[in-house]
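Being a predicted model, the structure only gives us computed values, none of them experimental.
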Amino acid sequence: HVIMDKDISGIRIRPATLNFKDIEDNVTFSLQISAKNISRESKKIRFYPPQSKDFKLKVREHEKTVACGLDHTAIIEYRTSKSVPFKDRVVVTVDGDVIEVPVIVRPCEPVLEMVRELNFGPMVMANRVVTRDLLLKNSGSRPGEYKIQYSGNKPLNIVPAVGQVP
């Protein structure tokens, strides 16, 4: 469940979280953030950049008085030479009230998951070969490698036990 907006102090912040996904080294990524005045009075809105030096805040006016129904927008740029997952925040002040907007950075990576649980259940072999299919899914942005190890005491052969999911 993703929260798209955050209503607080008479403004609507969109998006409620800045998600930089599939980040690559030495590539600039940009996301827009807006603060819309949903109150009946004018509001003084200001953006502050994330603390990491890999971010830049691009805005015409850092602090702006915004009438009812209008918004103040900024662009947050991210560029790094080493893609690692981390969290930061953008600070928005509204008439002195401080609102923190989470910033999440995720590099390109595989996200492997089993589509369903593999369960052999109670079985009587009776000199038969019993097989089950295991489906691995990659919802990430890079191919993922897997290695399956079995440490039980029953005769079990996994084929292929090592591989890559595109």
Side-chain angles (χ1 to χ4, degrees), residues 1-119 133-148 162-166:
H1 184 286
V2 177
I3 299 172
M4 298 302 292
D5 300 335
K6 177 190 261 185
D7 293 354
I8 190 166
S9 296
I11 65 165
R12 175 169 293 145
I13 296 176
R14 179 175 283 171
T17 302
L18 292 166
N19 284 301
F20 287 89
K21 298 186 300 186
D22 299 334
I23 297 302
E24 297 177 26
D25 295 347
N26 301 311
V27 176
T28 301
F29 295 85
S30 300
L31 290 176
Q32 179 175 301
I33 183 170
S34 68
K36 182 176 183 177
N37 184 353
I38 58 173
S39 74
R40 295 181 183 203
E41 302 105 26
S42 292
K43 297 281 187 180
K44 191 175 285 191
I45 301 172
R46 181 179 176 110
F47 292 102
Y48 294 88
Q51 296 175 335
S52 168
K53 63 179 175 18
D54 294 332
F55 288 99
K56 285 184 184 173
L57 172 68
K58 291 193 169 188
V59 63
R60 286 196 180 144
E61 302 172 67
H62 284 279
E63 186 171 88
K64 182 177 177 181
T65 301
V66 179
C68 176
L70 299 180
D71 62 7
H72 184 28
T73 61
I75 302 292
I76 307 297
E77 285 187 349
Y78 177 74
R79 182 180 179 91
T80 187
S81 60
K82 186 178 179 188
S83 298
V84 293
F86 78 96
K87 296 178 181 179
D88 206 326
R89 64 186 170 84
V90 169
V91 172
V92 182
T93 59
V94 181
D95 293 336
D97 292 341
V98 176
I99 302 164
E100 293 186 1
V101 179
V103 177
I104 299 171
V105 175
R106 292 187 183 104
C108 288
E109 60 188 0
V111 179
L112 298 181
E113 56 189 319
M114 289 192 328
V115 174
R116 67 183 192 285
E117 184 178 311
L118 185 62
N119 184 354
D133 290 329
L134 171 66
L135 183 60
L136 288 176
K137 178 178 143 185
N138 182 5
S139 58
S141 53
R142 291 236 164 118
E145 296 180 1
Y146 69 90
K147 181 177 183 180
I148 300 173
V162 178
Q164 188 175 56
V165 180

Residues which pass salt bridge (Lys or Arg N to Asp or Glu O under 4.0 Å) with [X], listed by chain and number, not counting sequence neighbours:
| X | result |
| --- | --- |
| Glu77 | Lys58 |
| Lys137 | none |
| Asp95 | Lys43 |

Lys44 and Glu63: side-chain contact (heavy atoms from CB on, under 4.5 Å), yes or no, with the steps?
CA-CA 7 Å; Lys44 191 175 285 191; Glu63 186 171 88; 3.3 Å; yes
Closest heavy-atom pair and its distance - [X], [Y]:
| X | Y | answer |
| --- | --- | --- |
| Pro15 | Ile13 | O-CG2, 3.6 Å |
| Ser30 | Ile75 | CB-CG2, 3.9 Å |
| Asn19 | Leu31 | O-CD1, 3.4 Å |
| Cys108 | Ser141 | CA-OG, 3.3 Å |

Separation of [Y] [atom2] from [X] [atom1] (nearest 0.5 Å):
| X | Y | atom1 | atom2 | result |
| --- | --- | --- | --- | --- |
| Leu18 | Gln32 | CG | CD | 10.0 Å |
| Tyr48 | His62 | OH | NE2 | 9.5 Å |
| Ile76 | Lys56 | CD1 | NZ | 12.5 Å |
| Asn37 | Ser42 | CG | OG | 6.5 Å |
| Ile104 | Ile23 | CD1 | CD1 | 12.0 Å |
| Ile45 | Thr65 | CD1 | OG1 | 9.0 Å |

Sub-4.5 Å side-chain heavy-atom contact between [X] and [Y]:
| X | Y | answer |
| --- | --- | --- |
| Ile11 | Ser39 | no |
| Ile33 | Val101 | yes |
| Met114 | Leu135 | no |
| Tyr146 | Leu112 | yes |
| Val66 | Lys36 | no |

Side-chain donor-acceptor contacts of residues 81-94 below 3.5 Å, not counting sequence neighbours, with atom names and distances?
from  : atom 1 : to    : atom 2 : distance (Å)
Ser83 : OG     : Asp25 : N      : 3.3
Ser83 : OG     : Asp25 : OD1    : 2.6
Asp88 : OD1    : Gln51 : N      : 3.2
Asp88 : OD2    : Gln51 : N      : 3.2
Asp88 : OD2    : Ser52 : N      : 2.9

Exam field: side chain Asp97 to backbone Ser9, donor-acceptor pair closer than 3.5 Å:
no
With Phe47 via ring pair (Phe, Tyr, Trp, His ring centres under 6.0 Å) - residues at least two apart
His72
Restricting to side-chain contact (heavy atoms from CB on, under 4.5 Å), what partner residues turn up for Val27, sequence neighbours left out?
Glu24, Phe29
Can you spot which of Thr73, Asp7, Asp5, Asp71 makes a side-chain hydrogen bond (donor to acceptor under 3.5 Å, both in side chains) with Arg14?
Asp5
